[in-house]
A.B. asks: 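Okay, here's the structure, questions in a sec.
Naming: A, B, ... by sequence-line order, numbering from 1 per chain. Heavy atoms only: backbone and side chains are in, while hydrogens, waters and symmetry mates are out.
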Amino acid sequence: MDAFYASVMIRDRPELHDAPVVVGGGHRGVVLSANYPARRFGIRSGMPGTQAQRLCPHAITMAPDFGLLTPVSRSIMDTFRSVTPVVEVTSLDEAFLDVRGARRLLGSPTVIAERLRSRVRAEHGITCSVGIAASVSVAKLASRQAKPDGVRVIAPDRFVAEVHPLDIGDLHGVGEATRRRLHRIGLVTVGDVAAIPVEQLRRMVGNHLGSHLHALVWGADRTQLRPGGAGVFGFGEGEPESSMGSQHTLAVDVGDRHVLHRELLSLATRVAGRARAAHRRGRTVALTVRFSDFVTVNRSRTLTEPTDVSLEVHATAVDLLDQLLDGLGPRARRVRLVGVRLEGLQRTHDGDTRQLAFGERDPGWPDADRAVDRAVGRFGSTAVRPASLIGHGRRA
DNA sequence: TCTGGGGTCCTAGGACCC
DNA sequence: TCTGGGGTCCTAGGACCC
């Protein structure tokens with residue numbers, strides 16, 4: 001989709017169509033999406049909201065409404081699946097389609113692309129762009145070049161002519177760090193990297209990255225899709241995720257440990273609740289801390305048994321945080337962001353009960369969690385929550 | 001008033017085991 | 001009398017994506 005969040009948010013407000021509109025940003029936030037009028041001021045997604053504000057003070061800023069965005073996304077993905085079952089959903093607003101099997105019935109990829117584009121336009125009032133190629137990364141590149149509201153084909157026999165002159169950082173999978181690293185050693189364009197024998201490339205940047213880059217610069221990356229695709233809509237489609245987490249940038253940097261503990265309780269409650277809803281337990285609890293100087297550290301602990309118990313996740317996270325802060329010694333640092341993640345997720349089965357350690361008394365917390373889940377399911381997320389979060393909650 | 005939140009995958013060192 | 005080789009698991013950091 002082209003500027004998906006912004007396009008959907010202003011779809012029914014034609015008076016805003018020509019005005020610069022930014023979704024996201026706000027206090028300590030980044031831009032999620034900017035419509036094309038806003039982009040003319042240099043606003044891009046991922047940019048700090050403050051910077052967007054400076055670039056275009058009269059831009060209209062709005063928060064994303066997922067109650068509006070998610071159904072639109074789902075419906076568009078269903079449209080894609082009417083063309084081929086092989087759809088790899090990568091986010092709310094993007095998917096890869098393998099149309100090899102649909103050509104006899106529906107026509108060339110270009111015909112299919114135009115059909116999809118007009119359906120999306122007719123049914124949802126937004127535009128999208130399509131890139132057509134023989135591999136995932138080349139299709140992705142083509143779609144970026146097709147934007148906005150276009151179709152672009154990069155046929156295999158045109159790949160070298162059209163892609164080798166581009167900057168190596170234009171490739172899908174070559175981020176800022178790898179781009180800088182390659183530029184520093186004189187490899188600027190895709191063609192520059194393609195000229196390096198794969199063995200030499202592997203020695204220069206490591207085995208995996210070397211092989212991966214070599215494939216990318218010859219348009220020879222992945223051709224098989226993973227239908228379903230990630231946890232964009234939660235569990236139920238595709239393979240289960242291996243982790244789930246929640247993190248939060250605090251409104252102001254915080255030095256008070258008790259405030260951080262309370263924030264961890266909010267995050268742990270949310271993460272464990274999501275795990276239970278998805279019938280998953282995780283064996284590793286990971287803590288993320290970003291300090292006010294933006295230095296970010298992770299600490300994790302693997303438990304003997306997987307857990308989905310809110311207070312267990314919280315207790316582990318608190319322990320990790322205290323150890324981290326104690327290790328800092330006297331030079332106290334303020335914390336900007338905290339996050340809790342549950343890793344090594346495993347599917348739980350009906351009747352599964354947690355293994356009790358030898359001599360341990362069942363503390364009853366799994367029962368408490370289940371009772372909370374039922375109440376929250378019926379009356380909303382603020383119906384039942386830890387007492388210490390009442391009056392502090394931007395959310396339960 | 002700089003810099004979100006949700007993920008995945010890879011690397012590398014150390015512990016531990018046979 | 002001087003230390004191998006292979007494997008797994010855990011932890012921390014980093015790159016990348018939308």
A.B. asks: Would you call B:dT3 syn or anti, using the 90° rule around 0?
C.D. replies: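 Base orientation: anti.
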A.B. asks: How many whole angstroms separate atom CG of A:Leu342 from atom P of B:dT8?
C.D. replies: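 My rounded result for the distance is 12 Å.
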A.B. asks: Would you mind telling me which of C:dC10, B:dG4, B:dT11 lies closest to the side-chain atoms of A:Arg283?
C.D. replies: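 Nearest nucleotide to the side chain: C:dC10.
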A.B. asks: For the side chain of A:Thr302, starting at C-beta, report the closest nucleotide among B:dG4, C:dT11, B:dG5.
C.D. replies: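 Nearest to the side-chain atoms of A:Thr302, counting from C-beta on, is C:dT11.
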A.B. asks: Taking the ring centre of each residue, are A:His58 and A:Phe41 less than 6.0 Å apart?
C.D. replies: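 Here the rings of A:Phe41 and A:His58 have centres that are less than 6.0 Å from each other.
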A.B. asks: What is the distance, rounded to the nearest whole Å, between atom CZ of A:Arg226 and atom C1' of C:dC17?
C.D. replies: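 From A:Arg226 CZ to C:dC17 C1': 12 Å.
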A.B. asks: Hey, is the side chain of A:Arg336 poking within less than 4.0 Å of OP1 or OP2 on B:dT3, counting only N and O atoms?
C.D. replies: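 A:Arg336 to B:dT3 OP1/OP2: side-chain N or O found under 4.0 Å.
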A.B. asks: Just to confirm, is there a sub-4.0 Å distance from OP1 or OP2 of B:dG6 to any side-chain nitrogen or oxygen of A:Ser91?
C.D. replies: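 No.
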A.B. asks: Check every atom of B:dT8, C:dC18, B:dT1 against the side chain of A:Gln53 and return the nucleotide holding the closest atom.
C.D. replies: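 Ranking B:dT8, C:dC18, B:dT1 by closest atom to the A:Gln53 side chain puts B:dT1 first.
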A.B. asks: The side chain of A:Val297 is closest to which nucleotide in this list: C:dC16, C:dG13, B:dG6?
C.D. replies: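 Among C:dC16, C:dG13, B:dG6, the one nearest the side chain of A:Val297 is C:dG13.
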A.B. asks: Given atom CG of A:Leu337 and atom C1' of B:dC2, what is their separation to the nearest angstrom?
C.D. replies: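 That distance rounds to 15 Å.
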A.B. asks: Classify the side-chain pair A:Ser300/A:Arg341 by whether it contains a donor and acceptor separated by less than 3.5 Å.
C.D. replies: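 Their side chains do not contain a donor-acceptor pair, so the 3.5 Å distance test is not met.
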A.B. asks: Does A:Gln51 reach a base, just sugar-phosphate, or nothing at all? Heavy atoms under 4.0 Å.
C.D. replies: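 The answer is nothing, as A:Gln51 stays clear of every strand by at least 4.0 Å.
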A.B. asks: Does a donor on one side chain and an acceptor on the other come within less than 3.5 Å for A:Asp308 and A:His279?
C.D. replies: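 No, no side-chain donor-acceptor contact under 3.5 Å.
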A.B. asks: On DNA chain B, compare the nucleotides closest to A:Leu209 and A:Gly245; which residue's is nearer the 5' end?
C.D. replies: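 Going by which nucleotide is closer to the 5' end, it is A:Gly245.
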A.B. asks: Do other residues, nucleotides or ligands put more than 12 heavy atoms under 6.0 Å from the CZ atom of A:Arg144?
C.D. replies: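 Enclosed: over 12 neighbouring heavy atoms sit under 6.0 Å from CZ of A:Arg144.
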A.B. asks: Does C:dC18 have OP1 or OP2 sitting under 4.0 Å from an N or O in the side chain of A:Ser45?
C.D. replies: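 Answer is no, no contact under 4.0 Å.
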A.B. asks: Starting at atom CE of A:Met47, determine the distance to atom P of B:dG4, rounded to an integer number of angstrom.
C.D. replies: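 It is 14 Å, rounded to the nearest whole Å.
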A.B. asks: B:dG6, C:dC16, B:dT8: which one has an atom nearest the side-chain heavy atoms of A:Ala177?
C.D. replies: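 For the A:Ala177 side chain, the nearest candidate turns out to be C:dC16.
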A.B. asks: Hey, what's the ring geometry for A:His258 with A:His261, parallel, tilted or perpendicular (30° and 60° as the breaks)?
C.D. replies: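 Perpendicular, since the angle between the ring planes exceeds 60°.
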A.B. asks: Separation of A:Glu88 atom CD from B:dT8 atom P, in whole Å?
C.D. replies: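 Whole-Å distance recorded here is 13 Å.
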A.B. asks: If a pair means Watson-Crick or G-U wobble with both distances below 3.5 Å, what does DNA chain B look like in dot-bracket form, with | marking bases paired to a different strand?
C.D. replies: ....||||||||||||||
A.B. asks: OP1 or OP2 of B:dG4 less than 4.0 angstrom from a side-chain nitrogen or oxygen of A:His248, does that happen here?
C.D. replies: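 For A:His248, the contact criterion (side-chain N or O under 4.0 Å from OP1 or OP2 of B:dG4) is not met.
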A.B. asks: Just checking A:Arg290: base, sugar-phosphate only, or nothing, at a heavy-atom cut-off of under 4.0 Å?
C.D. replies: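 Sugar-phosphate only.
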A.B. asks: Less than 4.0 angstrom between a side-chain N/O of A:Thr249 and OP1 or OP2 of B:dG5, yes or no?
C.D. replies: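 So the side-chain polar atoms of A:Thr249 do come within 4.0 Å of the phosphate oxygens OP1 or OP2 of B:dG5, strictly under.
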A.B. asks: Taking atom types as modelled, is there a side-chain donor on A:Asp319 or A:Thr316 under 3.5 Å from an acceptor on the other?
C.D. replies: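 Side-chain D/A pair, A:Asp319 to A:Thr316: absent.
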A.B. asks: Which whole-number value in Å describes the distance from A:Asn298 CG to B:dG6 P?
C.D. replies: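 These atoms are roughly 14 Å apart.
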A.B. asks: Does a nitrogen or oxygen in the side chain of A:Arg301 sit under 4.0 Å from OP1 or OP2 of C:dT11?
C.D. replies: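 Checking A:Arg301 against C:dT11: no side-chain N or O falls below 4.0 Å of OP1 or OP2.
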A.B. asks: Charged N to carboxylate O below 4.0 Å: is that the case for A:Asp253 and A:Arg28?
C.D. replies: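 Yes.
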A.B. asks: Do we see a donor-acceptor contact under 3.5 Å between the side chains of A:Ser292 and A:Arg333?
C.D. replies: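 Not at all, the side chains of A:Ser292 and A:Arg333 share no donor-acceptor pair under 3.5 Å.
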A.B. asks: By a strict heavy-atom criterion of less than 4.0 Å, which residues belonging to residues 165-176 of chain A are in contact with DNA chain C?
C.D. replies: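 A:Leu171, A:His172, A:Gly173, A:Val174, A:Gly175, A:Glu176 - these, ordered by number, are the residues of the stretch whose heavy atoms sit under 4.0 Å from the strand.
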A.B. asks: Taking only side-chain nitrogens and oxygens of A:Lys140, does any of them come within less than 4.0 Å of OP1 or OP2 of C:dC17?
C.D. replies: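 Negative; the distance criterion is not met.
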A.B. asks: Please confirm whether the shortest side-chain N or O distance from A:Arg341 to OP1 or OP2 of B:dG5 is below 4.0 Å.
C.D. replies: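 No.
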A.B. asks: Using whole Å, report how far CZ of A:Arg270 lies from P of B:dG6.
C.D. replies: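 Distance check: A:Arg270 CZ to B:dG6 P gives 7 Å.
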A.B. asks: Does a salt bridge link A:Glu305 with A:Arg281, judged by any charged N lying under 4.0 Å from a carboxylate O?
C.D. replies: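 A salt bridge is absent here (no side-chain N lies under 4.0 Å from a carboxylate O).
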A.B. asks: OP1 or OP2 of C:dC10 less than 4.0 angstrom from a side-chain nitrogen or oxygen of A:Ser300, does that happen here?
C.D. replies: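 False: A:Ser300 side-chain N/O out of range (4.0 Å or more) of C:dC10 OP1/OP2.
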A.B. asks: Is A:Arg121 salt-bridged to A:Asp149, cutoff N-O under 4.0 Å?
C.D. replies: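 Salt bridge flag = yes for A:Asp149 with A:Arg121.
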A.B. asks: Nearest whole Å is fine: how far is C:dT11 C1' from A:Leu303 CG?
C.D. replies: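 From A:Leu303 CG to C:dT11 C1': 14 Å.
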A.B. asks: For B:dG4 versus C:dC17, give the span between their C1' atoms, rounded off to a whole number of Å.
C.D. replies: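 That atom pair is separated by 14 Å.
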A.B. asks: Does one side chain, of A:Ser129 or A:Ser143, offer a donor that lies under 3.5 Å from an acceptor on the other?
C.D. replies: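 Short answer, no.
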A.B. asks: Side chains of A:Thr307 and A:Glu312: is there a donor and an acceptor less than 3.5 Å apart?
C.D. replies: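 Indeed, the side chains of A:Thr307 and A:Glu312 share at least one donor-acceptor pair under 3.5 Å.
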A.B. asks: Take A:Phe294 and A:Asn207, find for each the nucleotide of DNA chain B with the closest heavy atom, and name the residue whose nucleotide sits nearer the 5' end.
C.D. replies: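 Looking at the nearest nucleotide for each, A:Phe294 comes out on the 5' side.
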A.B. asks: Does a side-chain N or O of A:Arg181 approach OP1 or OP2 of C:dA15 to a distance below 4.0 Å, or not?
C.D. replies: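 False: A:Arg181 side-chain N/O out of range (4.0 Å or more) of C:dA15 OP1/OP2.
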A.B. asks: At under 4.0 Å, does any side-chain N or O of A:Arg299 touch on OP1 or OP2 of C:dG13?
C.D. replies: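 Yes, such a contact exists.
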